[in-house]
2 protein chains.
Amino acid sequence: MEAQDKTETRSETQPETQTEAGTLHQTLVANIRNLLIEGGLAAGQRIPEAELCQRFGVSRTPLREALKVLASEGFIQLRPNRGAILAPLDPGQIAPIFELKGALERLIGLTAADRATEAELTRLSTLHHALNDTLASGNLASYTQLNYDFHKGLAEATRNAELMQSYDILQQKIWRFRFLVNDSFSRIEESFAEHEQIMIALRARTPLDLAARLEAHNQKTCDAMQRAVAQLDQPG
Amino acid sequence: MEAQDKTETRSETQPETQTEAGTLHQTLVANIRNLLIEGGLAAGQRIPEAELCQRFGVSRTPLREALKVLASEGFIQLRPNRGAILAPLDPGQIAPIFELKGALERLIGLTAADRATEAELTRLSTLHHALNDTLASGNLASYTQLNYDFHKGLAEATRNAELMQSYDILQQKIWRFRFLVNDSFSRIEESFAEHEQIMIALRARTPLDLAARLEAHNQKTCDAMQRAVAQLDQPG
DNA sequence: AACCGGAATTTTGAATGCAAAATCGCCCTG
DNA sequence: CAGGGCGATTTTGCATTCAAAATTCCGGTT
């Protein structure tokens, strides 16, 4: 059942990426990234080219090109003449990632409050209500997906493509940790309460309040993530 | 003479990148990136694989792998079956880049003030004095290089690798605009005065002051950059 | 059982080849 | 002169091949 939930979560995100792409290269990058995150591979594990070629039904050339991009994204590490490994997940990375994301959240808060269109507010409200529905049904996978969409929508409302791109990169990195901790990272009731506050500030178009709410939300998520990862080291 | 200055500026940055690398792939990425920034190519210009292979003396395979990475960095745009083009430089990108960089500068200020070691302070002071020397001699190329090193050193003092990486990506993007505007973007006296204030706040280890100084410095650089780019549209 | 050395096998980095798509150049027509 | 069509040429995406590096396997020695 858990494995099933994972598949659902990513499958809903993955098609979006594919429809935006169009080339084998970009499809391959996304598919391999998906496999790296959800495929049950262990950090540090070797990623043989031949296996991937067989799995995805492509020759080595486009496969290697995709691996190069994934390496520059930090998902894998290339070792000369020894192949690629899945980049190790270092719990020490959590704090720096969330610290940086906190700075981006603040900027999102300061700018989205003024720049969001009414249409965007409506969309975010719709997502917010969907989050509420998912909370009632207790569907973690759906909540996670909608949460991703909600925050992505907020970043888009800033109208700063650079910010959106940087934010998404961080979301992808956090995604891998989420899969690592699985259900032990579940704070959806608390999260939704924070989303309520975020929506209030957004509707009121109060930049400082919105920024503070987003930063606090980010910090709490960081704390929960660190606790969940710390629990992985404890005996079952 | 201008062409000579450009070469000097990048050559001093480029060797550092190469020594950190070690593989043909990484060397090629750096070399092509350098060519894209300083090679006098026009935005939107086609980048034929065959030319690059000849120029760098490699076969198409590693060349294509490098191009894929540069595309994911946003330096080039890949068009299916039509080859790569140098990504257009849109003046509208300046504000978003600097807006995001402003958020990072703030975080750098808030964290470096507490986290910088004495050795790092010493190094930054040395760079600061070198900047002063360069100001006296009016060497723009050297000032630009040392300025890059100074800000990089500040980012390193935060001890946040994610932040350092994101900051460097933005620096690289800004670099391209710098080459576009060339000498019309010259504010080294004003810049140095701002660096003085930055050093004072850093030595005093006052996070809020340092953050404010870095943000102001960033904003003024943004303003100057936008003015310089706007002048490019004016009749010579 | 553990360790070492050498041979065999596998994997990787890069070159080359092939077919499809795009571009270029030339000629004809209005 | 401008535009369109067609053939020739070039460029691109990807498969395949080759040589070097790394890993694995096997046998012998302690």
Q | Spacing of Arg46(A) atom CZ relative to dT11(C) atom P, expressed in whole Å | A | 7 Å

Q.
Measure CG/Asn81(A) against C1'/dT23(D) and give the value in whole Å, please.
A. 12 Å

Q.
Looking at Leu107(A), is its backbone amide N or carbonyl O close enough to the side chain of Thr111(A) to form a donor-acceptor pair, meaning the two atoms are under 3.5 Å apart?
A. yes

Q | Rounded interatomic separation in angstrom, taking CG from Leu24(A) and P from dG13(D) | A | 11 Å

Q.
Rounded to whole Å, please give me the gap between CD in Glu49(A) and P in dA22(D).
A. 15 Å

Q) Which atom pair, heavy atoms only, marks the closest approach of Leu36(A) to Ile47(A)? A) CD2-CD1, 3.8 Å

Return all side-chain donor-acceptor pairs below 3.5 angstrom for residues 84-103 of chain A, not counting sequence neighbours, or 'none' if the list is empty.
| residue | atom | partner | partner atom | Å |
| --- | --- | --- | --- | --- |
| Asp90(A) | OD1 | Gly92(A) | N | 2.8 |
| Gln93(A) | OE1 | Asp90(A) | N | 3.2 |
| Glu99(A) | OE1 | Arg115(B) | NH1 | 3.2 |
| Glu99(A) | OE1 | Asn160(B) | ND2 | 2.8 |
| Glu99(A) | OE2 | Arg115(B) | NH1 | 3.4 |
| Glu99(A) | OE2 | Arg115(B) | NH2 | 2.5 |
| Lys101(A) | NZ | Glu105(A) | OE2 | 3.0 |
| Lys101(A) | NZ | Asn218(A) | OD1 | 3.0 |

Q) Starting at CG of Leu63(A) and ending at P of dG13(D), how long is that distance when rounded to a whole Å? A) 17 Å

Q. Does Arg64(A) place a side-chain N or O at less than 4.0 Å from the phosphate oxygens OP1/OP2 of dG13(D)?
A. no

Q) Can a side chain N or O of Arg82(B) be found less than 4.0 Å away from OP1 or OP2 on dA21(C)? A) no

Q | Separation of atom CZ in Arg60(B) from atom P in dC18(C), rounded to whole Å | A | 14 Å

Q. Do other residues, nucleotides or ligands put more than 12 heavy atoms under 6.0 Å from the CZ atom of Arg159(B)?
A. yes

Q) CG of Leu67(B) versus C1' of dT12(D): gap in Å, rounded? A) 11 Å

Q. To the nearest Å, how far apart are Leu78(B) CG and dA21(C) C1'?
A. 16 Å

